[in-house]
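Computed from a prediction, not measured in an experiment: that's the story for all the values here. Whatever order the structure lists them in is the order used to number ligands and atoms, beginning at 1.
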Amino acid sequence: MKIAVLSRNKKLYSTQRLVEAIKKRGHEAEVINHTNCYVVIEKDRPNVYIGDHEITGIDAIIPRIGSSVTFYGTAIIRQFEMQKVFTTVSSLALVRARDKLRSLQILSKAGVGIPKTAFAKYPGDVQTLIKQVGGAPLIIKLLEGTQGLGVVLAETQKAAKSVIQAFYGLDANILIQEFIKEAKGADIRAFVINGKVVGAMMRQGQEGEFRSNLHRGGVGTPVKLKREEKSVAIKAAQALGLHIAGVDMLRSERGPLVIEVNASPGLEGIEKSTKIDIADKIVEFVEQSVHHTDSKKKDKIGV
Ligand code: ADP
Ligand code: MG
């Protein structure tokens, strides 16, 4: 099989590991920089090009689309989807997962536990909004922030009010969220592939930091998940339509609460802390899926 990793940089840990795993399992690997691709659309011919070279013969793609190029990246994925190339993340699931508000709406409908969250574009009364999520301390999040940037802990009512007003003044889209204090600056990342948790780590933020992101100095250690945590992670990935997902949960007094579902979860933190070969499991999943699609196609012709 020829499997392409859509990535802007061959040297990134996740990209390198995926290429290694693809080759190790006996396939051909290609790294395609999606930001260099362009699409040509005409009747019945959804093509993808780099320069004057048409990209053909790809059996599956593993997109690693950074959050700064979601729009462009999804357009490229969609083009491959129209060619019936298998993708580990569909363009639709990627768009859903990249919007924190839309994700929480979908999760809440699916019955997945989430911290109580409010969203308003023009709040008449900020005080009421604060009260809705249980008052201060509370969390304020930029809708499209990543890596812990754009997440603020407002410890007092006064701080909350002025930060919220400042964000509104900048015309930013923000979520106002209940602060889960008992999580103690830690969260759980469950790596889900095809409806199974294949690895999990606990990330603990630095001393005095409520954000556990590895990019903010958090440290990951392997963790054994409780049965409920596993099933919540699987349900969250499924609700968003993600075959592969990094589901982030907080351990709260009322059970696991999902704060985020990552559609392009990094491999470095999870592989290094758990020593599990996640890249290999991703490629194994691609093999199964492509074969499955092949047999479905044959079935259709056969009938
Ligand atoms: P990002 O996309 O920037 O990673 P997150 O929503 O994942 O944003 O938040 C970053 C970190 O902040 C989380 O990993 C978690 O440690 C902490 N955090 C986020 N939301 C809450 C919350 N409601 N209560 C307590 N801690 C939170
Ligand atoms: Mg996060």
Return the residue, atom name and 0.1 Å-rounded distance of the protein heavy atom closest to atom 11 (C) of ligand 1.
N213 OD1, 3.3 Å
Once you restrict to heavy atoms under 4.0 Å, what part of K141 touches ligand 1? Side chain, backbone, both or neither.
side chain
Can you tell whether the side chains of K196 and E284 come within less than 4.0 Å, N to carboxylate O?
no
Tell me which protein heavy atom sits closest to atom 16 (O) of ligand 1, plus the residue, atom name and distance to 0.1 Å.
S212 OG, 2.9 Å
Which one holds for I180 and ligand 1: side chain close, backbone close, both close, or neither close, with close meaning a heavy atom under 4.0 Å?
both
Provide the protein N, O or S atoms situated under 2.8 Å from the Mg ion (ligand 2); waters are not included.
E260 OE1
Pick out which of Q177, Q105, Q132, K141 makes a side-chain hydrogen bond (donor to acceptor under 3.5 Å, both in side chains) with T117.
Q177
Enumerate donor-acceptor pairs with a distance under 3.5 Å from any side-chain N or O in residues 147-158 to protein atoms, sequence neighbours excluded.
unit_1, atom_1, unit_2, atom_2, d
Q147, NE2, H215, NE2, 3.4
T156, OG1, A159, N, 3.1
Q157, OE1, A136, N, 3.4

Structural part of L250 in contact with ligand 1, heavy atom criterion under 4.0 angstrom
side chain
Determine whether any heavy atom of G148 lies closer than 4.0 Å to an atom of ligand 1.
yes
Between ligand 1 and K181, can you find any atom pair, the residue atom being a heavy atom, that is separated by under 4.0 Å?
no
Where on R211 is there a heavy atom closer than 4.0 Å to ligand 1, on the side chain, on the backbone, on both, or on neither?
both
